[in-house]
Amino acid sequence: MDQKYNPRKIEEKWQNYWESSELFKVEEDPSREKYYLMEMFPYPSGKIHMGHVRNYTIGDVVARYKKMQGYNVLHPMGWDAFGMPAENAAIANKSHPAKWTYQNIDNMRSELKRVGFSYDWDREIATCKPDYYHWEQWLFLKMHEKGMAYRKESFVNWCEPCLTVLANEQVEAGMCWRCGKPVRQQRLPQWFFRITDYAEDLLAYCDRLPGWPEKVITMQRNWIGKSIGAEIRFPVEGTVTEIPVFTTRQDTVFGATFMCLAPEHPLVTELSKGKQQEKEVNQFIDRMSLQDRSSRAVDTYEKEGVFTGAYCTNPLSGGRMPIFTANFALMEYGTGAVMSVPAHDQRDFEFAKKYNLDIVVVVNPFDTQLDAGAMTESFTDEGVMVNSGRFDGMKSRDALDAIAGYLEENGIGKKTVSYRLRDWGISRQRYWGAPIPMIHCKTCGIVPVPEEALPILLPEDVDLLDGGRSPLPSLESFVKTDCPRCGDSQARRETDTMDTFVESSWYFERYCSPGFKTGMFKKEAVDYWMPVDQYIGGVEHAILHLLYSRYFTRVLHDLGLVKFKEPFTRLLTQGMVCKETISCPEHGFLFPEEVESKDGGRICKMCGATVELGRIEKMSKSKKNVVDPRTLLEKYGADITRLFCLFAAPPEKDLEWSEQGVEGGFRFINRVWRLAREWMNDIEDIKAVSPFTDHPDRLNGEIRALYKTTHATIKKVTTDIEDRFHFNTAISAVMELVNACYGIDGNRDDPLEPQVKRFTLEAVVLLLSPIIPHLSEELWEAMGHKESILLAPWPTYREDALTKDDLLIVVQVNGKLRSRFTVSPDADEETIKSMAMEDERIQKFIHGKPVKKVIVVKEKLVNIVI
RNA sequence: GCGAGAGUGGCGGAAUUGGCAGACGCACUGGACUUAGGAUCCAGCUCUGGCAACAGAUUGGGAGUUCAAGUCUCCCCUCUCGCACCA
């Protein structure tokens, strides 16, 4: 063993060993229990960042731990390789997205290997490869057959800078999730997946995912957004047209005094046609379509609308309702039409006030009566029905059902459930994605590509166009094809590509049999490995990726391809990696190397101004607070990098970067190294003996205590990893054990001492091995073991070694700690009680006062109440 | 506005079921070893008072339940995240 801990040498040695020994290679083995552990695969952006290191370190600890526990562990890695950055980078560098992507993959793979992760690299997949997207196209055809994939023209989210359409889930507060620019509504023909068919099932199973964080479940529930209400039809005056409306407040129908249609609603132009309002209405529609969604979504945004010139009739009250088009009515929710009840809806109230529309109270609070003219805000609580004909006097809550029933009986409406979730728009007008396997034929319409013709290869010999517009529509060799149905040679291929979230919705199944040539996956492999037992990744995918994956799994289930509905049994969302930001009033955010110390303060090197220490924020290039994992690996090595990521915070919390924290990890690892060296090189006899594993009663003195502490530590570390993934407390428990080892004076006359020391040292190394695997392998080997530590079983503890030799009893008087003493574990309550009462310090507090009550908690404390 | 989560020393964080608040680590202070120390070892380290023994206070604030509350209940404050005109 070297005098000094040399991470570079050790880490290279063991990484080579792991690679050549194929220790992480796994196959299905029905005789063994499987454990499928997966982390979210990265987009191959070029190099790994601290977020990846943290995510994958957490996963690696669990994978190694489970492997040592005897599970058959599947731990794969791959690349989410399609997507816009590759295209943009290729345009900028006059290169090709494929070249850029594969180079990045090569680089990131070697960086991941440098951290020592236990992946089965034979299962690596890249979603941009034809053998991957081939099966995605195949599934698309199956979904198309079932009506699950369809094309329709509709208003979609268009991002101008990205020159493509976005799914609803990819629009954040009206902005593009990728470039942050406003998204516009545009009418385009698009391909959709009918995820709304599964809205109810996806929602129902939210209650059956106990291994998921509550936060993620809640976000999914809200996203699906189920509302129970009624659809009511309002006849348009002087026509046969009826306007269907969705409402959750059918109890207030009698108070509906006007109607609001979304500007995109087809009836708006129809109703205003030829009327004097026509011009104004059309201007309004134009203005709204240009208005981006971000400003439409702002809270303070004023409600506005235009009268269409048409009226409809309230089917219950018989009242005449002017029809407006209003900016707050959303085409994509419900039916795109709102029955406005100003007295009982704040939005409608504001609109009515602005345009001087009728306000009719139909629900009074239980204790007072409302005066419509005097109201300053709407009344939205429950109350008593008024002005509602036969429903007067009823509680509004009961009227919900009564009115819904009445509507149904009279053919005016029906009970309905509405979801916020909309179908998943998957068309993208970009090049670097999987082609949609469809053909447009003049005579036959839209025709699917025959299965045998798959995969439809994304042509690689293309010149990318400035601005990012896809080269596919103008690439005749790609577009021009024969219609599979009528043979017409003028048929044209679909040139839209699929959203990259399609690839990530089934990659976990592909990992089970990555090279499978005749289908998406080998059935037996998926039956054995799936579902994923533990999935780990960032919370930013709480809706997008995780909801799509749940949906896809249901589609596969209903196609009879898999036996389960939920892909991920347990989910861990790890926190972000953060670091302090530094900014200069003149130059904005600064890198740490752009700052120098002067007179106790810190100044900007460029202008000399005093810098401001900003908030602690998620590491990002723009905030200049990133730490490159490569410099860490270079300076400290993989084990210390891993140790820091795990020790500084529990995995679900944000991790704050601290250089000193890394130094602390470095010190600890050196302490372990020195302990092993001292015990093995200086006390040669521990090498020669086998570990002591017998009953602690054979031991005495400090060795007995150390032995017991070791067993307690094994238990603590095991439960911390197993139950809670609290690696930080697991590590601190081992630190305590190591500190205890340093406290051993040594007694060369005790023949059992070397054996106990060996047991403890082995336990330290075994317990740390999932966390700092390189060092552990090295020490394990130094202790004379011939096989990898990964093949050693996880240490177990003896129950009989967990008992304490003596118990500390604390004594309280009136709940305040006043004294403490130790007692043997077999002392009974009476003994403990009298010992407490006779305690000198306690006597001082009781001081002759009458004792009202004495509480004795076994093995813990005595509380004397006076 | 709605929903979720969080608030504990100078800092990151422990305290799994109501039972010694502050484990472990960082930073800091003193000492040892040393040519040197940004290595290592030993000791101290919540706050207030006190040389000390000791006493008092203390888990965002306020009430309550209990022999006993960081932990349970209610009210309030602050922060973070998610959704946001959803009819």
Side-chain angles (χ1 to χ4, degrees), chain A residues 4 172-174 213-219 221-223 225-227 229 245-250 252 256 260 262 296-303 326-330 332-341 344-348 350-351 418-421 539-540 542-543 575-576 615 644 647-650 652-665 667-668 670-671 674 716 719-720 723-724 726 728-736 738-739 742 808-820 841 852-866:
Chain A
K4 265 189 78 181
E172 294 167 349
E214 193 52 45
K215 177 189 160 107
V216 175
I217 294 282
T218 307
M219 283 167 74
R221 264 198 205 105
N222 292 344
W223 189 262
K226 179 179 183 176
S227 318
V245 151
F246 175 75
T247 179
T248 54
R249 290 297 307 272
Q250 61 272 20
T252 63
C260 287
R296 267 226 244 175
V298 168
D299 203 20
T300 53
Y301 192 75
E302 203 179 341
K303 286 140 196 63
N327 60 346
F328 65 82
L330 306 172
E332 59 267 26
Y333 185 78
T335 61
V338 185
M339 66 164 209
S340 291
V341 186
H344 306 292
D345 181 290
Q346 187 56 26
R347 220 179 24 196
D348 298 342
E350 286 168 31
F351 195 84
S418 183
Y419 298 90
R420 209 182 78 120
L421 182 72
V539 74
E540 63 273 20
I543 295 173
M576 299 178 299
R615 297 152 49 105
F644 171 74
F647 183 62
E652 68 279 5
K653 284 187 71 169
D654 286 350
L655 177 133
E656 193 192 329
W657 166 258
S658 146
E659 182 84 27
Q660 281 103 356
V662 181
E663 294 278 355
R667 268 201 286 273
F668 170 63
N670 271 294
R671 264 168 84 77
R674 260 196 354 263
K716 165 89 178 140
T719 53
D720 279 353
D723 303 344
R724 313 194 298 167
H726 277 202
N728 56 335
T729 51
I731 293 165
S732 63
V734 181
M735 284 174 167
E736 284 180 83
V738 170
N739 290 346
Y742 273 98
L808 181 73
I809 304 291
V810 302
V811 190
Q812 300 175 330
V813 176
N814 287 344
K816 276 190 197 252
L817 177 71
R818 294 303 180 189
S819 185
R820 60 187 86 194
R841 283 190 280 195
K852 285 191 197 141
K853 201 173 179 184
V854 179
I855 287 125
V856 180
V857 180
K858 205 172 49 143
E859 298 176 359
K860 277 197 179 124
L861 82 125
V862 180
N863 190 7
I864 299 163
V865 187
I866 56 172

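A note on names: the letters A, B, ... follow the listed sequences, proteins ahead of strands, and every chain is numbered from 1. Only this structure's heavy atoms are used, side chains among them; waters, hydrogens and symmetry mates stay out. Since this is a predicted model, take the numbers as computed values, not measurements.
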Trainee: What pairs of nitrogen or oxygen atoms, one from the protein and one from nucleotides 38-42 of chain B, lie under 3.5 Å apart?
Mentor:
{"from": "B:U40", "atom 1": "O3'", "to": "A:Arg674", "atom 2": "NH2", "distance (Å)": "3.1"}
{"from": "B:C41", "atom 1": "OP1", "to": "A:Arg671", "atom 2": "NH1", "distance (Å)": "2.6"}
{"from": "B:C41", "atom 1": "OP1", "to": "A:Arg674", "atom 2": "NH2", "distance (Å)": "2.9"}

Trainee: Going by side-chain contact (heavy atoms from CB on, under 4.5 Å), name the residues that satisfy it together with A:Glu656, two or more places apart in sequence or in a different chain.
Mentor: A:Ile616

Trainee: Both atom distances under 3.5 Å, Watson-Crick or G-U wobble: I'd like the secondary structure of RNA chain B as a dot-bracket string, with | for pairs made across strands.
Mentor: (((((((..(((......[....))).(((((.......))))).((((....))))..(((((..]....))))))))))))....

Trainee: Tabulated below should be each protein N or O lying under 3.5 Å from an N or O of nucleotides 53-57 of chain B; please produce it.
Mentor:
{"from": "B:G56", "atom 1": "OP1", "to": "A:Arg818", "atom 2": "NH2", "distance (Å)": "3.4"}
{"from": "B:G56", "atom 1": "OP2", "to": "A:Arg818", "atom 2": "NH1", "distance (Å)": "3.0"}
{"from": "B:A57", "atom 1": "OP2", "to": "A:Lys816", "atom 2": "NZ", "distance (Å)": "2.8"}

Trainee: Less than 4.0 angstrom between a side-chain N/O of A:Asn222 and OP1 or OP2 of B:C86, yes or no?
Mentor: no

Trainee: List the residues meeting side-chain hydrogen bond (donor to acceptor under 3.5 Å, both in side chains) with A:Glu663, not counting sequence neighbours, and say none if there are none.
Mentor: A:Tyr636

Trainee: A:Asn739 has an atom CG; how far is it from atom P of B:C24, in whole Å?
Mentor: 7 Å

Trainee: Reading nucleotides 13-20 of chain B 5' to 3', which nucleotides get B (base under 4.0 Å from a protein heavy atom), which S (sugar-phosphate only), which -?
Mentor: SSSB--BB

Trainee: Report the distance from atom CE of A:Met735 to atom P of B:G12, rounded to the nearest whole Å.
Mentor: 17 Å

Trainee: With rounding to the closest Å, how many angstrom separate the P atoms on B:C77 and B:U66?
Mentor: 28 Å

Trainee: Is the phosphate of B:A84 approached by A:Arg420 (side-chain N or O, under 4.0 Å from OP1 or OP2)?
Mentor: yes

Trainee: Using the P atom as the reference point in each nucleotide, state the distance between B:G60 and B:A6 in Å, no decimals.
Mentor: 13 Å

Trainee: Quick one: salt bridge (charged side-chain N to carboxylate O under 4.0 Å, His left out) partners of A:Arg818, sequence neighbours excluded?
Mentor: none

Trainee: Taking B:G18 as the reference, what is the distance to B:G70 when you measure between their P atoms (whole Å, please)?
Mentor: 13 Å

Trainee: Taking B:A32 as the reference, what is the distance to B:C79 when you measure between their C1' atoms (whole Å, please)?
Mentor: 46 Å

Trainee: Under the side-chain contact (heavy atoms from CB on, under 4.5 Å) test, which residues partner A:Val857, sequence neighbours left out?
Mentor: A:Ile855, A:Lys860, A:Leu861

Trainee: For the side-chain contact (heavy atoms from CB on, under 4.5 Å) test, which of A:Val810, A:Val854, A:Val813 pairs with A:Val862?
Mentor: A:Val854

Trainee: State which residues pass side-chain contact (heavy atoms from CB on, under 4.5 Å) with A:Glu652; sequence neighbours excluded, sorted by chain then number.
Mentor: A:Pro650, A:His726

Trainee: Base, backbone or nothing for each nucleotide of nucleotides 28-36 of chain B, written B, S, -, heavy atoms under 4.0 angstrom, 5' to 3'?
Mentor: ---------

Trainee: Could you list the residues that satisfy side-chain hydrogen bond (donor to acceptor under 3.5 Å, both in side chains) with A:Asn814, not counting sequence neighbours?
Mentor: none

Trainee: In terms of the nearest nucleotide of RNA chain B, which residue is placed more toward the 5' end: A:Gly336 or A:Trp223?
Mentor: A:Trp223

Trainee: With sequence neighbours left out, what residues match A:Lys4 under side-chain contact (heavy atoms from CB on, under 4.5 Å)?
Mentor: none

Trainee: Any base atoms under 4.0 Å from A:Gly661, or only sugar-phosphate, or nothing? Heavy atoms, all strands.
Mentor: nothing

Trainee: Is there a donor on the side chain of A:Lys853 or the base of B:C67 sitting less than 3.5 Å from an acceptor on the other?
Mentor: no

Trainee: Could you check whether any side-chain N or O of A:Asn728 sits under 3.5 Å from a backbone N or O of A:Ala648, counting only pairs where one atom can act as donor and the other as acceptor?
Mentor: no

